[in-house]
Amino acid sequence: MKLTDLSTIREIMTRHGVEFQKKFGQNFLISPAVPQKIADAAVESDSNTDQLRGILEIGPGIGTLTRELAERADKVIALEIDSSLIPILSETLADCPNVKVINQDVMKTDLAALCADEFISQGYSVSVAANLPYYITTPILMKLVESKLPLNTITVMIQKEVAARLCAPAGNSEYGAITASLSYYGKVERLFNVPAGCFLPAPKVDSTVIRIRLYDTPPVSVESEACLFRTIRGAFAQRRKTLANSLMTEFTQLGREAVQNAIVSAGLEPSVRGERLTLDDFARLADILYKCEIENN
Ligand code: SAM
């Protein structure tokens, strides 16, 4: 069964009385090379371990990428929110005994428990692969990294503009709070672009596949992770303002003078803007602000 064929997709969906659900960000792949390349990237990046290779897929749709993952990995767990797709997946993945589909919303799933039960306790490594629904890309990525799962890599197709933001270096206009926050958890690489015509229905935007290699230990060490993320959030809260003014949104109680002093103590120019700060800069600044807050209390 060739799941990237337009006629096959339409036939299966019609037979099961299923329609594309815009609210779930359903744009299915119709270019055979793309799911193959995503699966290659996701599984290859996991192959430097002696363990069995486990893949957690988010949003299998009708199973196009899932089948490619199943060919390369030892076990695939696929979380699909749309219950109407489950009978289709039973059919399209009937010959893939190493795939288990779970009808669940990834945002409501206890991913740590899932990874422990399905992968780690059974001797599998675990990486994520997905053609992510656009409407919820950033929340899913943040949930994956913030849950501190034992993941090796996250290989996902996302909107091209979002990928540009996630891969931007400090100082670039695309660099923002999400870029800096994500760089605490892993190294993001841009793999390849995918034009809108490779999907059914075609979205209005092009896509990019990125891969995040998660760090075992963060590249900076801080007194308080919560304060680091507040510092990052505060620095980008008002992008047109200077760092001190923007940080005041998160550190109001400290007062402007203390915030300005913290910036100087961190070795930064008082007039600097948040987008120029590297993760190292944020870590230094966050530790000083954290100390100020403790002394203030
Ligand atoms: N993997 C398929 C492919 O590449 O052709 C489908 C990708 S489609 C862009 C996104 C998929 O994610 C859809 O099947 C959609 O129903 C599913 N989805 C959307 N929100 C979800 C959520 N919160 N949890 C799990 N799956 C979700």
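Just follow the structure's listing: the first ligand is 1, and inside any ligand the first atom is 1. Sequential numbering from 1 along the given sequence is applied to the chain's residues.
- Annotation for ligand 1: atoms under 4.0 Å from non-hydrogen atoms of Glu80 are 13 (C), 14 (O), 15 (C), 16 (O), 17 (C), 26 (N).
- Of all atoms in ligand 1, numbered sequentially from 1 with element shown, those under 4.0 Å from a heavy atom of Gly25 are 8 (S), 9 (C), 10 (C).
- Checking only distances, Leu29 does come within under 3.5 Å of ligand 1, N or O to N or O.
- Listed by number with element, the atoms of ligand 1 under 4.0 angstrom from any heavy atom of Gln26 are 13 (C), 15 (C), 16 (O).
- Using cut-offs of 30° and 60° on the angle between ring planes, the pair Tyr124 and Phe119 is perpendicular.
- At least one side-chain heavy atom of Arg72 sits less than 4.5 Å from a side-chain heavy atom of Gln36.
- The Asp105 neighbourhood of ligand 1 comprises atoms 22 (C), 23 (N), 24 (N), with distances under 4.0 Å to a heavy atom of that residue.
- Looking at Leu151, Leu114, Asn152 one by one, the single match for side chain to side chain contact (heavy atoms under 4.5 Å, CB included) with Val126 turns out to be Leu151.
- The nearest heavy-atom contact from the protein to atom 21 (C) of ligand 1 is Ile81 CG2, 3.5 Å.
- Nearest-residue assignment for atom 20 (N) of ligand 1 (options Tyr135, Tyr134, Phe28; heavy-atom criterion): Tyr135.
- Residue, atom and distance of the protein heavy atom nearest to atom 1 (N) of ligand 1 are Gly59 O, 2.8 Å.
- Atoms of ligand 1 lying under 4.0 Å from any heavy atom of Leu79, numbered from 1 in the order shown and given with element: 25 (C), 26 (N).
- Listed by number with element, the atoms of ligand 1 under 4.0 angstrom from any heavy atom of Gln104 are 24 (N), 25 (C).
- Arg67 contributes no side-chain N or O that, together with a main-chain N or O of Cys96, makes up a donor-acceptor pair within less than 3.5 Å.
- Regarding atom 2 (C) of ligand 1, its nearest protein heavy-atom neighbour is Pro60 O, 3.4 Å.
- Checking Val188, Val162, Ile178, Ile154 one by one against Leu141, the side chain to side chain contact (heavy atoms under 4.5 Å, CB included) holds for a single residue, Ile154.
- At under 3.5 Å, not a single nitrogen or oxygen of Asn27, backbone or side chain, sits near a nitrogen or oxygen of ligand 1.
- Side chains of Gln26 and Asp82: a donor-acceptor N/O pair is present below 3.5 angstrom, by distance only.
- Considering both main-chain and side-chain atoms, Gly61 comes within under 3.5 Å of ligand 1 through a nitrogen or oxygen pair.
- Interface atoms of ligand 1 facing Glu57, defined by a heavy-atom separation under 4.0 Å, are 1 (N).
- Shown here is Glu269, whose CD atom has no more than 12 heavy atoms of other residues, nucleotides or ligands within 6.0 Å.
- In summary, the atoms of ligand 1 found under 4.0 Å from a heavy atom of Asn131, numbered by their order in the structure, are 3 (C), 4 (O), 7 (C), 8 (S), 9 (C), 10 (C).
- In this structure, Leu56 CG and Leu149 CG are separated by 8.0 Å, a value rounded to the nearest 0.5 Å.
- At a heavy-atom distance under 4.0 Å, no atom of Ala130 approaches ligand 1.
- Looking only at protein heavy atoms, the nearest one to atom 19 (C) of ligand 1 is Phe24 O, 3.1 Å.
- Looking at ligand 1, you'll find an N or O of Val106 within less than 3.5 Å of one of its N or O atoms.
- Using a 4.0 Å cut-off between charged nitrogen and carboxylate oxygen, Lys291 and Glu223 do not count as a salt-bridge pair.
- Checked by atom type, the side-chain pair Thr242/Ser271 shows no donor-acceptor distance below 3.5 Å.
- Other residues, nucleotides and ligands place no more than 12 heavy atoms under 6.0 Å from the CZ atom of Arg276.
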